Amino acid sequence: SIAEKELEFAGDTRIWLADGTEMVSEHAAADLIQEVAKIDQEFQFQRGNISGNGGSLRYSFPQREMRVAEGLTLVTSSGGRQFQATAREGIYRLSEQEVELLNGASISSGDAQLKAEQIGILLSGEYQIGRVLSSGQARLQASPVNAFSGSRINILFDSESNRLDKIEI
């Protein structure tokens, strides 16, 4: 029957993904036939030192992929620095430990800000940023007086110290 294939949850709903990411919302639904979970309103998430919020999400169980729409904000610290990433849409691929920011993507830390059509954040180790790969009209404002632009800008972090290793433009 339909009751056995579709589930709805209301009020302080918490969902844990396979990698330990916790999502919290006032409402969530799951379709066991299509193997998806949906949150059609604002939600928060937390995994290790990574936290954030989004406007809505759709999580596919077989692909282990979370698609966020209607705004995404992600906050984390890596190498002793705070980072904030935002976009109108995003995809979190659990298996690859990758967050892809789409449409109005940016990531910033202190005075530095990278903006591009698309930004990929690859995580390494204990929820640290390993690489930031951007494409499509990328612009890095490294300081109030230093700016770089190009079709691609990549920021790589040292895997042991988690500090900035190099920037490729």
Side-chain angles (χ1 to χ4, degrees), residues 15-25 36-37 39 42-143 146-169:
I15 298 170
W16 284 269
L17 302 182
D19 71 346
T21 300
E22 179 186 17
M23 296 180 297
V24 180
S25 181
V36 296
I39 297 177
E42 282 193 17
F43 68 95
Q44 292 80 42
F45 61 89
Q46 173 89 37
R47 177 178 175 249
N49 68 336
I50 299 171
S51 63
N53 60 67
S56 67
L57 79 77
R58 177 183 170 95
Y59 178 74
S60 168
F61 300 117
Q63 285 83 23
R64 295 180 58 162
E65 182 176 279
M66 180 173 84
R67 292 184 167 266
V68 178
E70 301 172 51
L72 168 65
T73 300
L74 180 145
V75 178
T76 189
S77 60
S78 193
R81 295 186 64 132
Q82 284 288 120
F83 289 87
Q84 179 170 320
T86 60
R88 286 191 284 283
E89 299 175 50
I91 302 169
Y92 174 42
R93 295 180 183 90
L94 276 69
S95 301
E96 290 87 5
Q97 291 299 292
E98 174 189 18
V99 177
E100 187 176 350
L101 304 171
L102 308 164
N103 300 325
S106 74
I107 184 167
S108 61
S109 179
D111 286 339
Q113 182 178 50
L114 174 63
K115 291 183 175 186
E117 290 174 12
Q118 181 176 334
I119 295 175
I121 301 171
L122 287 85
L123 303 172
S124 66
E126 285 297 305
Y127 318 115
Q128 299 295 310
I129 296 175
R131 292 182 283 168
V132 176
L133 310 175
S134 68
S135 61
Q137 298 178 337
R139 178 175 170 77
L140 174 62
Q141 188 76 41
S143 70
N146 292 324
F148 307 93
S149 61
S151 60
R152 292 184 173 277
I153 297 177
N154 299 329
I155 302 171
L156 307 155
F157 294 85
D158 181 85
S159 60
E160 290 183 25
S161 69
N162 295 316
R163 299 210 179 274
L164 178 66
D165 185 29
K166 64 180 172 179
I167 298 173
E168 301 171 341
I169 300 174

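In this text, all values refer to a predicted model and were calculated from it rather than measured experimentally. Note that these values count all heavy atoms, side chains included, but never hydrogens, waters or copies made by symmetry.
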Query raised in the report: Who are the side chain to side chain contact (heavy atoms under 4.5 Å, CB included) partners of Ile119, not counting sequence neighbours?
Result: Leu101, Ala105, Ile107, Leu114, Ala116, Ile121, Val132, Ser134
Requested in this report: Decide yes or no on side-chain contact (heavy atoms from CB on, under 4.5 Å) for Gln84 and Thr73, but give the supporting numbers first.
Outcome: CA-CA 7 Å; Gln84 179 170 320; Thr73 300; 4.0 Å; yes
Query - Partners meeting salt bridge (charged side-chain N to carboxylate O under 4.0 Å, His left out) with Glu42 (sequence neighbours left out) - result: none
Query raised in the report: Any salt bridge (charged side-chain N to carboxylate O under 4.0 Å, His left out) pairs touching residues 83-96, not counting sequence neighbours?
Result: Glu65-Arg93, Arg93-Glu98, Arg93-Glu100
Query raised in the report: Which pairs pass ring pair (Phe, Tyr, Trp, His ring centres under 6.0 Å) with one or both residues in residues 97-123, sequence neighbours excluded?
Result: none
Requested in this report: For Ile50 and Leu123, run side-chain contact (heavy atoms from CB on, under 4.5 Å): C-alpha distance rounded to whole Å, both residues' side-chain angles, the deciding distance at 0.1 Å, then the answer.
Outcome: CA-CA 10 Å; Ile50 299 171; Leu123 303 172; 3.7 Å; yes
**Report entry** Under the side-chain hydrogen bond (donor to acceptor under 3.5 Å, both in side chains) test, residues paired with Asp158 that sit two or more places apart
**Finding:** Ser161
**Report entry** Distance (rounded to the nearest 0.5 Å) between Ile91 CD1 and Leu72 CG
**Finding:** 10.5 Å
Requested in this report: Not counting sequence neighbours, which residues clear side-chain hydrogen bond (donor to acceptor under 3.5 Å, both in side chains) with Ser60? List them please.
Outcome: Gln63
Report task. Just jot down the side-chain hydrogen bond (donor to acceptor under 3.5 Å, both in side chains) partners of Ser77, sequence neighbours excluded, or say none. Result -> Asn49
Query raised in the report: How close do Ser124 and Gly130 get, heavy atom to heavy atom, and via which atoms?
Result: OG-CA, 3.7 Å
Query raised in the report: Who pairs with Glu22 by side chain to side chain contact (heavy atoms under 4.5 Å, CB included), at least two apart in sequence or on another chain?
Result: Arg14, Trp16, Val24
Query - Closest contact, heavy atoms only, Ile153 versus Leu140 - result: CD1-N, 3.7 Å
Query raised in the report: Got a donor-acceptor contact below 3.5 angstrom from the Ser109 side chain to the Ala112 backbone?
Result: no
Report task. Measure across Gly55 and Phe43 and return the closest heavy-atom pair with its distance rounded to 0.1 Å. Result -> N-CE2, 4.1 Å
Query raised in the report: Looking at residues at least two apart in the chain, or sitting in another chain, which of them share a salt bridge (charged side-chain N to carboxylate O under 4.0 Å, His left out) with Asp19?
Result: Arg47
Query - side-chain hydrogen bond (donor to acceptor under 3.5 Å, both in side chains) partners for Gln141, two or more places apart - result: Arg139
**Report entry** Non-hydrogen side-chain atoms of Leu57 and Phe45 separated by less than 4.5 Å
**Finding:** no
Query raised in the report: What do you reckon, is CD of Glu168 surrounded by more than 12 foreign heavy atoms closer than 6.0 Å?
Result: yes
Query raised in the report: Is Ser25 reaching over with its side chain to a backbone N or O of Ile39, donor-acceptor style, under 3.5 angstrom?
Result: no
Report task. Return the set of residues passing ring-ring contact (aromatic ring centres under 6.0 Å, His included) with Tyr59 (not counting sequence neighbours), or none when no residue passes. Result -> Phe61
Requested in this report: For Phe157, check ring-ring contact (aromatic ring centres under 6.0 Å, His included) against everything at least two apart and list the hits.
Outcome: Phe83
Requested in this report: First locate atom CD1 of Ile169, then atom CG of Asn154, and finally report the distance between them rounded to the nearest 0.5 Å.
Outcome: 9.5 Å
Report task. Please round to the nearest 0.5 Å and tell me the distance separating atom CD1 of Ile155 and atom CZ of Arg131. Result -> 13.0 Å
Query - CD1-CE distance between Ile15 and Met23, expressed to the nearest 0.5 angstrom - result: 4.5 Å
